[in-house]
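Both counts, for ligands and for their atoms, begin at 1 and track the order of listing.
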Amino acid sequence: MMDRKKIGSAGMRLPSVDRILRSDAADPLVRMYGRNEVTEAVRRSLHVMREEMLAGEVIDSGEAQVLGAAADILERGSMPSLRRVINLTGTVIHTNLGRAMLPDEAIAAVADVARGASNLEYDLDAGGRGDRDRHLEDALLRLTGAAAATVVNNNAAAVMLVLNTLALGGEVPVSRGELVEIGGSFRIPEIMNRSGCTLIEVGTTNRTHIKDFRNALSPETSLVMKVHASNYVITGFTAEVPEKEIAALCHANDRPFVIDLGAGSLIDLTRYGLPHEATPMDALQAGADLVTFSADKLLGGPQAGVIIGRKDLVDRLKANPMKRALRCDKMTIAALGAVLRLYSDPDRLRERLPTLRILTRDAEEIEVMARSLLTSFSSRFHEIAEVSVVACESIIGSGALPARTLPSAAIALRPLNSGNGGGSVLARIRASFAALPTPVIGRIHDSAFLLDLRCLEDARELADLVMTLRIAA
Ligand SMILES: *Cc1c(COP(=O)(O)O)cnc(C)c1O
């Protein structure tokens, strides 16, 4: 063991914790973070400096340096874990990056109910207890034409609630082509199992016929479910039974037909030049008795799962004690309410709903934005990477419209020493963007770091961030 005191006396001069805390320069830090936190940060800074000195490094160890290091520690430690990032991955509705961006109207509505009391479950007219679904039901019925609606925490919860309420202990036939996994932990067979019902696999992966469903029906059948092909496509020699035929079969046998729609856009997207995506209204028209869909996918709202359909069935869902465990909080209801109000004016929806605005941005406009940023990037990446604007394809994400991409433009950073070291330079570029005060998330493709600008609305902010970029040597 080395004798620290002896080394210290041989020229090491570190100020004491007390002396640093008593200095005027410490006051602003103490005001911002509190005495305990600052004391701990100063201790840690002194410890690091002591180690560096023991390792033989010559460092500046004055009070100002210790406080500077402590301030860095405090700043890093006070950053919230969940923070805003800039999504330049090219996937618009990105589950890992929080899915839909809320419109200002929804953010204001959330802030309003979050700040104080609200009439969440209070009937202002009658002066008594009310139902929290009431705040969303009218709008949902008006927009979809359904007879009843309820809302839960997300679409996975919606599917679970439907199965647990209507199919507990019973059988649920589903086409083999639809036994899907969505985003890692939502697997139809497992959800069925956990909801207390037995999955009956129908048909084959690529072809399912109405006779397969007919054969699957038994006295134990509780309902028939269809899962919308959301994050994959089956092509080639395929056959899918039209929803109308399954509905007719179900109704002839007095069984509910449930469609898990997944993305569920509330308007016909072809009106905005986007590919057609099945709507909840289409599903009802085809004869579904209940339809479930996410509120934070194409709908462009907060995380929630919407269930619409027959009133007697929705009433049973509401009476299930599980509903209480799966219900939405007031902030979600406020946000979804505000988003649904925007839908009542489809002509202005595109400018007001960020998801729709971003999905419908044309490639030319995105390319112009990319070119306007070239100088900022080129000067920052001088001698590190070649900077160019390239055409690329954005994807909608969250399983919506899986086979379709949207033409877009990206800034491509191609490391100049592309030999063996190229891979690690790419990794460092990626890491440096992720380490920005507002992290910027791109993707690595074809030995380049790509920033698809489809989701970028503030080019100035990105230019400013790039100026502060620190790329590790
Ligand atoms: C996304 C999706 C789900 C899960 O919805 P969450 O809102 O993420 O819980 C379920 N089913 C389908 C078909 C989906 O696309």
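- Using a 4.0 Å cut-off between charged side-chain N and carboxylate O, D312 and R310 make a salt bridge.
- Remark: side-chain polar atoms of R460 are not paired, donor with acceptor, to backbone N or O of D458 under 3.5 angstrom.
- Residue contact annotation: K297 has a non-hydrogen atom under 4.0 Å from ligand 1.
- Counting the atoms of ligand 1 from 1 in the order shown, those under 4.0 Å from a heavy atom of H228 are 13 (C).
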Please evaluate residues S222 and E171 with respect to the criterion side chain to side chain donor-acceptor pair (under 3.5 Å), reporting the C-alpha separation (whole Å), side-chain torsions for both, the decisive distance (0.1 Å), and the verdict. CA-CA 6 Å; S222 301; E171 294 178 352; over 6 Å; no

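- Looking at R99 against ligand 1, only its side chain comes within 4.0 Å, counting heavy atoms.
- Looking at A156 next to ligand 1, an N or O pair under 3.5 Å apart turns up.
- Judged by distance alone, the side chain of R414 and the main-chain N or O of D446 form a donor-acceptor pair under 3.5 Å.
- Interface atoms of ligand 1 facing S294, defined by a heavy-atom separation under 4.0 Å, are 5 (O), 6 (P), 7 (O).
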Kindly determine whether L298 and F293 satisfy side-chain contact (heavy atoms from CB on, under 4.5 Å), including the steps that lead there. CA-CA 10 Å; L298 284 175; F293 53 99; over 6 Å; no

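- Evaluated by nearest non-hydrogen atom to atom 5 (O) of ligand 1, the leading choice among V152, N155, V306 is N155.
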